[in-house]
Amino acid sequence: MGAEQAWLLAAIPAAMFFVIALFGRYLPRQGDYLGVLAIGTSFVLSFFVLADYLSFYDFEAGKTAVAESIKWSTVGVGETAFKLRMGIYIDQITIVMFGVVTTVALMVNVFSIGYMKGEPRYYWFFAVLQLFVASMLMLVMADNLLLVYISWELVGVCSFLLIGFYWEKRSATEAAKKAFITTRIGDVGLLIGIILLWRATGTFNIREIIDIAEHGGIGSTYLFVSVLFVFLGCMGKSAQVPFHVWLPDAMEGPTPVSALIHAATMVVAGVYLTARLLPLFEVADGTLLIVTIVGLVTALSTGFMALAQTDIKKVLAYSTVGQLGFMFVALGSGHPDAAIFHLMTHAFFKALLFLGSGSVIHGTHHNQEMDKLGGLWKKMPITGTTFFVGSLALAGVAPLAGFWSKDEILHASQTWSGGWVLILLGFAAVMTAFYTTRLFIRTFMGKPMDQHVYESAQESGFLMTAPLVVLGILAAVSGFVIWHGVGTAIGFPGGFTEFVFLEEPERYHIDWALAGGSIGIAVVGIFLAAFVYWNGSLERSTRLARFQPGIYELLVHKFYFDEMYQYAIDKVLLGFSFIVSWFDRYVVNDTGIDGSAQVTGYSGYVLKFLQSGRVPNYAMAITLGVVGLAIVGLMVRA
Amino acid sequence: MTFDEGQGYIVLATLAAPLLAALIILFIPSGQKMAIRFVSAFFAAVMLGLSIYIFVAYQADGEKIQMTLKWVWVENTAFLGKDGITLHLAVDGISAPMALLTGIVAFAGTITSWKLNYRPKDFFILYFTLLAGVYGTFFSFDLFFFFFFYELAVMPLYLLIGVWGSTRKEYGALKLTMMLVGGSVLIWIGIFAVFHEANLGTFDMQRLFAAGNDGTLSPTFQKVFFPMICIGCGVLAALWPFHTWSPDGHMAAPTAVSMVHAGVLMKLGAFGIIRLGIQLLPVGAEFWMPGLMVLGVIGALYGATAALTQRDFKLISGYSSVSHMGYVLMGLATMNQIGITGAVLQMFSHGVMTALVFLLIGALYDQAHTRDMKDFGGLTKVMPVWVVFYTVAGLANVGLPGLSGFTAEFHIFVGTFRAYPVFGALAIVAAALAAGYMLRMFAIVFFGPFNIRWKDLKDLTPLETMAGGLLIASIVLMGVWWAPFTDRIGQTVAAIPGVIG
Amino acid sequence: MRDYTVFVPEYIAAGWAVLVIAVELFFPRVRRDGLAYLTALGALVWGISALFFIGKTPQSFQGLIESDNFTTYFRLLAAGIVAAVSIMSASYMRGRTKAAAEYYGLLLIAGCATVYMAAARELITAYISLELLSFCLYILVGYLKRDARSSEAALKYILLGAFSSAMFLYGMSLLYGLTGSTTYDGISAGLAARGSSTDAGIVVAFVLILAGVGFKVSAAPFHMWAPDAYEGAPMPITAFLSTLSKAAGFALILRLFSVALVVDAVEWRWAFAILAAVTMTAGNLIAIQQTNLKRLVAYSSIGQVGYMLITIAAIGYGDETVGLNATSGLLIHLIGYVVSTLALFTALTAYYNKTGKDTVEGLRGLAETQPFLALVITVSLFSFAGLPFFAGFATKVFLFQGATTNELLWLVGLAVLNSFISLYYYLMVIRQMYLFDPVAGMTRFKISPVLWVLSAGLMFGILFIGIYPGPAFKAAENAAKPLFQQAEAASAARVP
Amino acid sequence: MATEVLWWIFAAATVVLSTGVVFSRSVIHSAIFLIGGLAGVGAMYVFLTVDFLALVQFLIYGGAVTVLILLALMLTRSDPSGAKESVNGSQAPFAALAGVMLMAILVSVAVAVKWPGDVDNAPSIISLEAISKALFVDYGPPFVLASVLLLVALVGAIILARQDEGD
Amino acid sequence: MVPLENYLVLSAILFSLGVYGVLARRSAVLVLMSVELMLNAVSLNFVAFAAYLDPEKITGAIFAVFVITVAAAEVGLALAIVIRLFRNRATSNVDEAALMKW
């Protein structure tokens, strides 16, 4: 099993999707073990791929990527014929994504067995989960943009199905619709971008496109436009402002789904694609700046929004969006290594946090409002502990994973002269630490808000805590791979940045000033939050809210984004649709089509009265006919 | 009667099967409903088999026109030469997938109409006559018979809709028939003009195609008559603004007829534009295609927008058909091989998925007797299979990769981008709107709180499931592995003179 | 030279007419239907005897009458029409008249008159045979003596007929004055020789002649008698009017204009183009508003005449070959039209015998009560509308195709448009039969086997011509050839 | 010279009488005028030296036709009281207009056209023998047809006019 | 001598008078008389042409004979129909015989 067969990783779960979807409901336990089995296999296989890839990898020799493709279809003949090839392209980024996706997916699967027990349509959940993993894996190993787009859309529809899993709830349905359509709007841009790139280069293959672009094969303006369109798609998937609205609502889905899709994998697809196409961004002047700005805006604004949320999962959702913003900043700074690194660590600790919140929700019989929780640490020690680790990691406290990656990003952001990016990022980091702490304190510490909930709460079962532990460990240690020593120790050519890079591998050297700064940031945020929310009393925070009610309202309503969009859709789009339908009915149809018919009929009605039934009139008609024709004839003569 | 390469009889058999069916049913006493149904199902199966055979047996990289059959009909008269009017049947890379489509949809429609109980005899006679017309149009390489079968396909619609239809059936039927025949009138005038201008004493298309290219049909002539023929065919292809029969007609039509009509018949229009427009009058086509492109884009956006706020299932499908046929016209208007291939792909894809949609709507309407979306909710509880099928159809409609819709639309987009990037972008926007109205319908009808009023709704019957399964299978096949289609179509399209790369 | 054998078929027909009358005279108790079938038999014998004349070299009788394929074509047509109509009449006229024998005799005589109109090569003969046909029709239209409508129809018909034939005659007199001859060849020669100083006279002469023949084929604005006469006449006679008299009129027109007057085509072709346009448009538009089946058919047949008149214009505009194409197109369309009309009226008669209804609403729910009649009516209406599988499609294609010349393309377009309009009111009839349930009390009923057989046969004819028009077209073309061989010389002799 | 004067007198008389036919208020008067008008036409035949035709004219019209017409007038007298109802239809004025237009056309044609042959000399004599030969020999077929036509007319008139029981 | 034109003009006048009669008069019998007038005009035309144009061929005169014959027969038939109508409708006015219209 070599890297060339990596497509199996996607094929196995895909096949399992059909098996479970068609027969799951007849199988014992509705076939959940099949799901675990399939993803487990992919998980194991990913290591074979990794091993094979590492044995193949040789940077000096330029052997950094395994590519394999087959002829797919041809349209027409001649040099203008439209030839499509499908294939896989495996390089460092792909390898990392394999690791992340399979690991998190496996954990989530195991967790779900416990969490989803007794839910209706149990088998359906697992089936779609398989399809989702399959398409995600296909997405990261695709060697051409068409295949990327295909799996991109499949990922989207899977998330649609999973968010809408509790379709009896109107809110869930709406959320699913919102997610699909919002991302779809981005996808329009993506497709346009892809086809524009094809139009210029005549190929969909990412490598070839990049080569042509780097050798100036594409006009700068043209390239700029098409890259922006592609980035539009990335923004949609990764829920960057202004497309971020769907992600919090997507929390309507089952919590494991939130963990898998909205933390670890799907939403990072945008980051992945941007990293994959970063060379294009670098060629197209100005796009990087745009990427950075989008990332910054997202990181800051969502930081604010997270402050005022009381729903655990919503808080986590906004923090996810914010962290994605961090990654985009790193990409904008031309550092895919930092972005991917943060992507990995974030995947681990954010999955941890989500699953943890899932465990809480499960343990408290579907309570996810902070106002009802509190002091749960004693009740559910494992969840609490792991959640604690995750929070610290998210807050970026050394030496947990989050610290290293965030540090990398801050470091990367220095490339922007003037340091304004650095400062703003730092501020965003403070808020991250703040709301994370707030979340943890209000959930696990202090005195319980709702005694009844508190009484009924208990620790979740082994199937759910085990993944928490595993992810906790990962969240704690996965950051160290940045070190050369660690990297070589586990068989990589070196530290993370020596493995994932754009032009040149560079060995990691810790920058004490920056590291200290970032630790400081984390500590500040944590202590602020601790001061405001200590032992769960809210009077300080309420005072804070009263101090500037306007701002508070603004935050509670998430800067009124949803309201704006709702207005745009209801009033503008649907209004226009009403106009069109009216036009179609009354102008095109009744006037244009039926109208002409009625005119014909009416002319017949008028004409028939010439037929008076009287002989003299008829004779007159004959005479006039003769006279008229004769006159015409004689005129023609004359 | 002469056969080429010994395959012509297959085509003849495919064309004869429905006629034979109609004839046999004509002689079954109308009381014997079961017998009628079995005969119909049998012949539909035969047609399906033959169609599949034709599609498979067509050699993508062989001669462009295969399985030829020639039967001289009228010759050596005052104005007709040696092969004056010839029953010239054949298959090329464009008609092969169309034949397959016809076979699939016809079969599905037939077994869907199994439970049709009101005068099934008359119904099936007309139904098979219509199908004969469809097959004939796809196979004819003689203008006379092309038009003959074209009209034959349109003719039975009035009774089929008027007698077995539902909502405002008289109005819908009359309007549909009149508009379609009105379109064919333009075609007819065009055919007269072409015959007169070419002055070859034959209706044989291949020779007239040649005449169209070697300048026997003068450029001026082509420029004058292309719009006439294009609009004539366009009416049947729901070309904006001649589309208004589509919502009303589909709303009125009975299930099987909607399936065949939206599934196959509308394709005759686009097919006619290829045959009589692009192949017969290349210069005129070259000259007018930008206009057609504009109309196609308008249709695509207009249909999608209008569908956003509809409440009747069939109105949604009617308008989305307008939108999707708009794509087809855009693909044709690109005049490059990718776009036209995409258009043919879209003809197939839209055919199967619309047929599926109408099948499902019919299955629901037969029980619920309402088609107002607002009446429904949470149907997933009672009709899971129905919902799954509808979801697949809807997602294909939206252009989800892995389903036929994407394959077709993707090729059309690529082709359009090669010719007119801006219009291509607009088309993709229209695709996003499709997501809008489809998901809106999903959200309202399938999901949300269950309306107890519908607790007695039955899920699809085995027969309907079978028909739907067939359609879904073809949707997925084309969505995943489209090479068999693109090979056949692309080769032929590339061989059309006047089509640029 | 005189070869009396060239008109043996007509002797048979006329003799048979006398025979029918004699039979009733000598066997007063004979069943009236028997007379009808006897007449039909006679018509068949007549037709069969005519078959022997197919392909014979044209023979002229004193240069007044010509027996050639053209004549024979109309012989067969007329024989067929007479046979069909007499069978229709059997059940219809039973109990409606006392003078059955004369009725059937007149049918046969009218048939003969038609033949002579087709055969005439001289104005006097043409005029007399035309009047003979008209007289028969006047009488037949008025045959329902108790029915005021019938008498009124007859009065309108005869008054206007006399009026228009006076016009016709005045035109002929001018023509005679200008060419000094009444034979077609003489006229054609005279026209060829005449100078331009007589143009005005020629134009007026042509216009007056046009009025006469236009009245006969009911071309607008000379058509107004037709709807009333059709409505008032007994139903079989309506069929007779709309088939035989139109066929006869076109026979006369074809030979007269293509043999005698073609040399001066410039003076009359425009008039035919105008007439065609006006006729088809008026007919189809007014037909939309009709509620009485007979009137509907009358107007729709006026529309059909409009299509056919294009052909005459085409003869004027085009050269020899165009004329040949156009004429054969017209002849085959004539067959298709005649067969469809007869089928329609057979069905309507059968229905009328049962229900006494002749309105469109009267057909309500026919598909339930008598599916076969509904089928026949639908088929014939679709054939009128020119839908495929039915005669109308193929024949219309040939008609329009033959008449397509650069000058007349617009007219052909208008004609196609009109046939589209016509579809609407045909659908309105079909709608009544198929979309609505029968009125209360109407139950399934049977029709007389004879009419069943007749309509089935005619329907088969419609389908045959529609699906395999080859033979009919060949026949039409052979019938058209003689006219244009003769026209050749004349057009060669035309002075520039 | 005398013939010309006579001709003019007769022509004028014919026109006047014919005008009487179409303008007189009483149908009976019209019938009487008609006899005169037709007689005038007969006179014209005499001027044209076709005496035979003149004879036919007097016999058929002066005798048969007018008698028939008077008979019909008696039979169809609508009200025995003879109260005057308007004899002209509603469209009489337009009728006059149309008639004038037609007359204009026909007269202009008659005078404008240069007729072939020597039209200013005396008409050539048409002998009875010539007519009879032509009628019975050269134009035999139409003659036969005409006889059939007369027969048909006769039969038809009988059938239509005969009084059946029931009306 | 009297030239041909005179006859032609005379017949034209008679013809037009007849046309006026047909168009204007109400009584069916009067309409018939007017038709007779027209027919006479026609036969006058024929005879005149015959006399002036072709001395040896006398077709025109023959035509006139036939016209007179047909005219007579026509009158007979028409009057029969008029009487028939009068029996049915108790009127012989053409503009009252309008049961059938439109």
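As the structure is a prediction and not an experimental result, all values here were calculated from the model. Quick note on labels: first sequence line is chain A, next is B, and so on, each numbered from 1.
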Assert yes or no for the condition that the ring centre distance of A/F180 to A/W246 is strictly below 6.0 Å. no

Is there a salt bridge (Lys or Arg N to Asp or Glu O under 4.0 Å) between B/D248 and A/R585 once you walk through the steps? CA-CA 10 Å; B/D248 293 314; A/R585 277 296 93 193; 3.1 Å; yes

Can you tell which of B/P449, B/A431, B/A494 has the highest number of heavy-atom pairs within less than 4.5 Å of chain A? B/P449

Is it the case that the side chain of A/S577 and the backbone of A/L573 share a donor-acceptor pair, with hydrogens and angles ignored and the cut-off at 3.5 Å? no

Can you tell me how far OH of B/Y390 sits from CE of B/M438, rounded to the nearest 0.5 angstrom? 5.5 Å

B/Y327 side chain vs B/A427 backbone, donor-acceptor pair below 3.5 Å: yes

Could you grab the distance from atom CG of A/L22 to atom OH of A/Y123, nearest 0.5 Å is fine? 9.5 Å

Of all of A/F229, A/F576, A/Y149, which one pairs up most often with chain B through heavy atoms under 4.5 Å apart? A/Y149

Is a donor on one side and an acceptor on the other found under 3.5 Å between the side chain of A/D143 and the backbone of A/N205? no

B/F410/A/F204 aromatic ring centres below 6.0 Å: yes

Does any heavy atom of chain B fall under 4.5 Å from the side chain of A/I569, the backbone, both, or neither of them? neither

Does the B/N451 side chain pair with the main chain of B/G377, one donor and one acceptor, at a distance under 3.5 Å? no

Please check: side-chain N/O of B/R488 versus main-chain N/O of B/P97, any donor-acceptor pairing under 3.5 Å? no

Could you check which of A/M86, A/E153, A/E168, A/R199 has the highest count of heavy-atom pairs closer than 4.5 Å to chain B? A/R199

Assert top hit (heavy-atom pairs under 4.5 Å, partner chain A, pool B/G424, B/P421, B/G402, B/G436) equals B/P421

Heavy-atom closest pair (A/T183 atom, A/G236 atom, distance to 0.1 Å) is CG2-O, 3.7 Å

Taking side chain as everything from C-beta outward and backbone as N, CA, C, O, which of these in A/I194 sits under 4.5 Å from a heavy atom of chain B? Side chain, backbone, both or neither. neither

Please look at B/T341 and chain A and tell me whether the side chain, the backbone, both or neither of the residue comes under 4.5 angstrom of a heavy atom of that chain. side chain

Just give me the residue among A/W198, A/Y166, A/W152 that pairs up with chain B most often, heavy atom to heavy atom, under 4.5 Å. A/W198

Under a 4.5 Å heavy-atom cut-off, does chain A meet the side chain of B/M179, its backbone, both or neither? side chain

If one checks every heavy atom of B/W481 against chain A at 4.5 Å, the contacting part turns out to be both

Heavy-atom pairs under 4.5 Å with chain B are the metric here; pick the option from A/L191, A/I185, A/D187 that has the most. A/L191

Heavy atoms only, distances under 4.5 angstrom: which of A/S581, A/G189, A/A597 has the most pairs with chain B? Name it, please. A/S581

Option that, when pairs with chain A are counted at under 4.5 Å, heavy atom only, ranks first among B/H243, B/R440, B/Q491: B/H243

Per-residue contact mode, A/V188 against chain B (heavy atom under 4.5 angstrom): both

With a 4.5 Å cut-off on heavy-atom pairs, point out which of B/F446, B/F413, B/F406 contacts chain A the most. B/F406

Which bit of A/T173 comes within less than 4.5 Å of chain B, counting heavy atoms only: side chain, backbone, both or neither? side chain

Is it the backbone or the side chain of A/W72 that comes under 4.5 Å from a heavy atom of chain B, or both, or neither? both

